[in-house]
Amino acid sequence: MTTTTNAQETFVKKATAVSAKVSEVASLKEAFEYAVELCDKKEACQLLVSGCELPLSGEGQALCGEKQTKVIAAPALNKKDFTAFAKLCKDKGFELIDAGMRSRLAGIDIGFTVCDLGIAETGSLVLDSSSEEVRLTTMIAEVHVAVLPKSRLRATSYEAEAEVLKLMGGGPNYVAFITGASRTADIERVLALGVHGPLELHILLLEDK
């Protein structure tokens, strides 16, 4: 129990240090409610239409400024959980999708996933992203809400090795290690957030024991 507690404390500390926001939830339903509330508070994604930087007619300018329905993507949920999540979204006027991410490349507000493992020593999430829908969800959403069951938290990468190898054993596959929100300083060493992925990472530690 002490080892588990220490691993959780280390995970929270390390994840927070790389700008992730970590909270605890008692159930998956509570995680859905968290994501919906977060989506409700944020501005809807705005599609950038080619030519919007030029002088346009009133009709064209209105199109550039038009905001779409807020969208949450949750591509790997089972049917029962997806249905429950969809009801919460519908009540708020949001759209919940589990496929078709390629057609939403500039319009996903929240990406929602349940992770396979967490590594405390680096505050990292491990996610089987062999599905293109999962990969795109975690890359193109403005905000990523990631649920991590506490039972899947490991103290070090060595402790997670066997399980990671199992995830990689089915090939072809794609296993993602996610540490914090997207950030880069490639251009003149100026830190920029959200260039290669979500602007925010919210990690929900799920009590599943």
Side-chain angles (χ1 to χ4, degrees), residues 1-42 72-92 94 96 98 109-131 133-134 137-138 141-167 175-181 197-209:
M1 181 66 177
T2 302
T3 302
T4 302
T5 301
N6 289 343
Q8 183 175 325
E9 290 175 352
T10 299
F11 180 85
V12 172
K13 180 179 179 180
K14 294 293 185 178
T16 302
V18 289
S19 74
K21 300 176 183 181
V22 185
S23 304
E24 294 187 49
V25 292
S27 65
L28 199 54
K29 180 178 182 292
E30 191 175 324
F32 297 157
E33 292 170 345
Y34 181 101
V36 168
E37 182 179 356
L38 188 63
C39 190
D40 192 36
K41 291 178 179 178
K42 76 181 289 293
I72 299 178
L77 294 177
N78 61 46
K79 185 176 180 179
K80 180 181 177 181
D81 289 333
F82 185 87
T83 299
F85 198 177
K87 184 180 184 306
L88 292 173
C89 291
K90 184 177 180 180
D91 290 343
K92 285 289 188 178
F94 306 155
L96 182 68
D98 59 359
D109 293 276
I110 305 284
F112 186 96
T113 61
V114 178
C115 295
D116 296 281
L117 293 168
I119 300 175
E121 66 177 347
T122 55
S124 301
L125 301 170
V126 181
L127 179 64
D128 182 354
S129 300
S130 300
S131 162
E133 302 292 6
V134 172
T137 293
T138 59
E142 284 194 345
V143 178
H144 180 192
V145 175
V147 177
L148 175 62
K150 291 182 181 180
S151 64
R152 301 181 191 176
L153 181 60
R154 305 293 177 260
T156 68
S157 56
Y158 292 105
E159 287 188 13
E161 181 180 5
E163 291 162 296
V164 171
L165 288 175
K166 185 176 180 179
L167 288 175
V175 177
F177 286 71
I178 302 169
T179 308
L199 284 162
E200 297 179 13
L201 172 63
H202 294 248
I203 302 173
L204 305 181
L205 297 176
L206 173 65
E207 189 63 66
D208 66 331
K209 298 178 181 178

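By convention here, the first residue in the shown sequence is residue 1.
When all heavy atoms of Asp208 and Ser151 are compared, the closest pair comes out as OD2-OG, 2.5 Å. Residues Ala146 and His144 approach most closely at CB-NE2, 3.7 Å, considering heavy atoms. Here the shortest heavy-atom pairing between Leu167 and Val175 reads CB-CG2, 4.0 Å. Residues Val134 and Ala76 approach most closely at CG2-CB, 4.2 Å, considering heavy atoms.
Looking only at side-chain heavy atoms (C-beta outward), Val164 and Glu161 stay at 4.5 Å or farther from each other. Looking at heavy atoms from C-beta onward, Val143 lies out of side-chain contact with Pro198 at the 4.5 angstrom threshold. A 4.5 Å side-chain heavy-atom check between Thr137 and Phe112 finds every atom pair outside the cut-off. Glu207 has its side chain out of reach of Glu30: every pair of non-hydrogen atoms, C-beta onward, lies at least 4.5 Å apart. Residues Leu205 and Val12 meet the side-chain proximity criterion, which asks for heavy atoms closer than 4.5 Å. At a threshold of 4.5 Å between non-hydrogen side-chain atoms, the residues Val36 and Cys89 count as touching. Contact annotation: the side chain of Phe177 approaches that of Ile119 to within less than 4.5 Å [non-hydrogen atoms, C-beta and beyond].
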**Message:** For Val25 and Phe32: C-alpha separation, side-chain torsions, deciding distance, then whether side chain to side chain contact (heavy atoms under 4.5 Å, CB included) applies.
**Reply:** CA-CA 10 Å; Val25 292; Phe32 297 157; over 6 Å; no
**Worked verdict on Leu77 versus Asp98 for side chain to side chain contact (heavy atoms under 4.5 Å, CB included)** = CA-CA 8 Å; Leu77 294 177; Asp98 59 359; over 6 Å; no
**Message:** Show, in sequence, the C-alpha distance, side-chain angles and deciding distance for Ile110 and Phe94, and conclude whether the side chain to side chain contact (heavy atoms under 4.5 Å, CB included) test is met.
**Reply:** CA-CA 11 Å; Ile110 305 284; Phe94 306 155; over 6 Å; no
**Request:** For the pair Lys42 and Glu200, evaluate side chain to side chain contact (heavy atoms under 4.5 Å, CB included) and give the outcome as yes or no after the intermediate values.
**Result:** CA-CA 12 Å; Lys42 76 181 289 293; Glu200 297 179 13; over 6 Å; no
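Under the 3.5 Å distance criterion, with hydrogens and angles disregarded, no donor-acceptor pair is assigned to the side chains of Glu121 and Thr10.
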Distance-only criterion, 3.5 Å: show the donor-acceptor pairs between side-chain atoms of residues 79-86 and protein atoms not counting sequence neighbours.
{"unit_1": "Asp81", "atom_1": "OD2", "unit_2": "Asn78", "atom_2": "ND2", "d": "3.1"}
{"unit_1": "Thr83", "atom_1": "OG1", "unit_2": "Lys79", "atom_2": "O", "d": "2.8"}

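With rounding to the nearest 0.5 Å, the separation of CG in Leu88 from CD1 in Ile72 is 9.0 Å. Rounded to the nearest 0.5 Å, atoms OG (Ser129) and CD1 (Ile178) are 6.0 Å apart. Note: Cys115 SG to Leu153 CG = 11.5 Å, rounded to the nearest 0.5 Å. Atoms OG and CG, on Ser23 and Leu204 in that order, are 6.0 Å from each other to the nearest 0.5 Å.
Annotation: ring pair (Phe, Tyr, Trp, His ring centres under 6.0 Å) contacts of Tyr34 (sequence neighbours excluded): His202. Applying the side-chain contact (heavy atoms from CB on, under 4.5 Å) rule to Glu163 yields the partners Leu117, Arg154; only residues at least two apart in sequence or on another chain are considered. Remark: Glu37 engages Lys41 in a side-chain contact (heavy atoms from CB on, under 4.5 Å) (not counting sequence neighbours). Applying the side-chain contact (heavy atoms from CB on, under 4.5 Å) criterion to Ala20, with sequence neighbours excluded, gives Ala15, Leu201, Ile203. Checked against side-chain contact (heavy atoms from CB on, under 4.5 Å), Lys166 has no partners two or more places apart in sequence or in another chain.
Annotation: Lys90, atom NZ; neighbour count of heavy atoms from other residues, nucleotides and ligands within 6.0 Å does not exceed 12.
For the pair Lys13 and Glu9, the salt-bridge criterion is not met [side-chain N within less than 4.0 Å of a carboxylate O].
Using modelled atom types, one side-chain atom of Asp116 and one backbone atom of Asp128 make a donor-acceptor pair closer than 3.5 Å.
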